[in-house]
Amino acid sequence: MQAVQAQFEATTLAPSPSANGLSNGDHKPLIPILQSDPVKLFVGQIPRGYFEDELKPIFAEFGKISDLKVLKDRVTDHHKGCCFLTYEDKDSAESAIKALHDVRQLPGMARPMQVKPADNNETKPEERKLFIGMLSKTSTEKDVRDMLAKFGDVEECNVLRDEKGISKSCAFARMAS
């Protein structure tokens with residue numbers, strides 16, 4: 001039990017950036033969990049013609065994948081241009097983030113893939129990541145920030161866009177408070 005606790009503390013409370021160079025500015029690892037725990041990632045900027053069979057080889061080079069689901073609209077069953085995937089361990093997830101996030105652009109897409117942890121077990125209660133839907137196609141990141149400003153500081157805001165750069169009428173925003 002002490003070995004597990006020591007591994008957990010070394011993983012989550014490291015005073016310097018993680019060994020692989022991934023940190024969030026507070027010198028804490030991006031994925032603060034046990035090495036052996038599964039890690040779920042959100043992946044955006046995926047062509048609508050890519051499904052599980054096309055995506056698995058892209059991510060399998062970083063480690064064993066236990067689950068991969070392309071998100072589809074509940075009504076139309078159309079591909080939403082993103083997916084969730086789960087790696088069996090933290091190292092695989094961090095390797096994929098480092099190699100792919102804002103680096104690799106898939107054919108037909110205007111921007112590189114967005115590869116981020118889907119959930120974070122050490123999120124502070126005052127921090128919130130929000131999904132905002134039903135936006136106008138003309139909404140910009142500034143519009144979303146302005147809309148949310150009355151609720152607190154917006155640390156990060158991303159309007160999801162298709163391969164042509166057109167808004168998908170939704171965004172993710174991370175609030176500081």
Side-chain angles (χ1 to χ4, degrees), residues 17-18 21-33 39-52 54-55 58-59 62 67-87 93-177:
S18 61
L22 295 175
S23 72
N24 63 7
D26 293 331
H27 303 295
K28 293 180 184 174
L30 285 176
I31 309 172
I33 59 174
V39 177
K40 188 173 189 178
L41 299 178
F42 169 82
V43 182
Q45 296 297 322
I46 296 172
R48 294 183 193 272
Y50 277 49
F51 291 91
E52 286 83 355
E54 291 82 14
L55 293 170
I58 295 169
F59 294 98
F62 303 103
D67 189 40
L68 193 152
K69 298 280 186 222
V70 171
L71 298 179
K72 295 181 181 181
D73 185 277
R74 291 181 187 178
V75 176
T76 65
D77 201 39
H78 289 137
H79 193 303
K80 286 189 169 186
C82 54
C83 73
F84 286 106
L85 76 102
T86 305
Y87 280 107
E94 286 191 341
S95 294
I97 291 169
K98 187 175 181 180
L100 301 173
H101 178 70
D102 272 339
V103 174
R104 183 160 177 199
Q105 185 170 329
L106 295 175
M109 299 306 292
R111 297 193 172 136
M113 284 190 286
Q114 300 296 299
V115 183
K116 301 177 181 183
D119 50 25
N120 184 338
N121 294 337
E122 198 176 81
T123 301
K124 296 176 186 174
E126 64 270 12
E127 291 181 343
R128 301 284 184 254
K129 188 158 190 175
L130 304 172
F131 173 80
I132 302 100
M134 304 300 291
L135 294 173
S136 163
K137 290 272 189 199
T138 61
S139 293
T140 64
E141 281 82 0
K142 182 184 180 324
D143 295 333
V144 175
R145 284 179 182 275
D146 291 347
M147 177 179 63
L148 296 174
K150 64 183 171 187
F151 301 106
D153 292 333
V154 180
E155 292 182 348
E156 181 180 347
C157 179
N158 295 313
V159 172
L160 299 181
R161 301 184 184 283
D162 67 14
E163 59 276 356
K164 295 177 183 174
I166 298 170
S167 171
K168 292 184 179 182
S169 300
C170 60
F172 282 101
R174 187 169 46 127
M175 305 295 291
S177 59

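Bear in mind that the values here come from a model prediction, so they are computed numbers and not experimental data. Index from 1, following the sequence.
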* Asked: Roughly how far, to the nearest 0.5 Å, is CZ of R48 from NZ of K80?
  -> 10.0 Å
* Let me see the working for L85 and L55 under side chain to side chain contact (heavy atoms under 4.5 Å, CB included), right down to the final yes or no. => CA-CA 10 Å; L85 76 102; L55 293 170; over 6 Å; no
* **From CE (M109) to NZ (K164), nearest 0.5 Å** => 11.5 Å
* Structure fact -> All heavy atoms of G133 vs all of C170, minimum pair found to be CA-CB, 4.1 Å
* To do: Show your working on side chain to side chain contact (heavy atoms under 4.5 Å, CB included) between L148 and I132 and close with a plain yes or no.
  => CA-CA 10 Å; L148 296 174; I132 302 100; 4.0 Å; yes
* **Straight-line distance of K137 NZ to R161 CZ, nearest 0.5 Å** => 10.5 Å
* Please step through side chain to side chain contact (heavy atoms under 4.5 Å, CB included) for the pair R104 and I58, ending with a clear verdict. => CA-CA 10 Å; R104 183 160 177 199; I58 295 169; 3.4 Å; yes
* To do: Measure the shortest side-chain to side-chain distance between D67 and K40 over non-hydrogen atoms and say whether it is less than 4.5 angstrom.
  => no
* **From OH (Y87) to OG (S95), nearest 0.5 Å** => 8.5 Å
* Heavy-atom side-chain proximity of F62 to K98 below 4.5 angstrom -> no
* To do: For S169 and L135, indicate whether the former's side chain and the latter's backbone hold a donor-acceptor pair under 3.5 Å.
  => yes
* To do: Identify the heavy atoms of P47 and P107 that sit nearest to each other, and give their distance.
  => CG-O, 3.3 Å
* Asked: From Q45 CD over to M113 CE, what is the distance, rounded to the nearest 0.5 angstrom?
  -> 10.0 Å
* Would E54 and I46 satisfy side chain to side chain contact (heavy atoms under 4.5 Å, CB included), going step by step from the backbone distance to the final call? -> CA-CA 10 Å; E54 291 82 14; I46 296 172; over 6 Å; no
* To do: Would you name the heavy atoms of D102 and Q114 that are closest together and state the gap between them?
  => OD1-NE2, 2.6 Å
* Asked: Counting only heavy atoms not in K142, do more than 12 fall under 6.0 Å of its NZ?
  -> no
* Euclidean distance, L160 CG relative to R111 CZ, rounded to 0.5 Å -> 10.0 Å
* Minimum heavy-atom distance between V70 and C83, given as atom pair plus value -> CA-CB, 3.8 Å
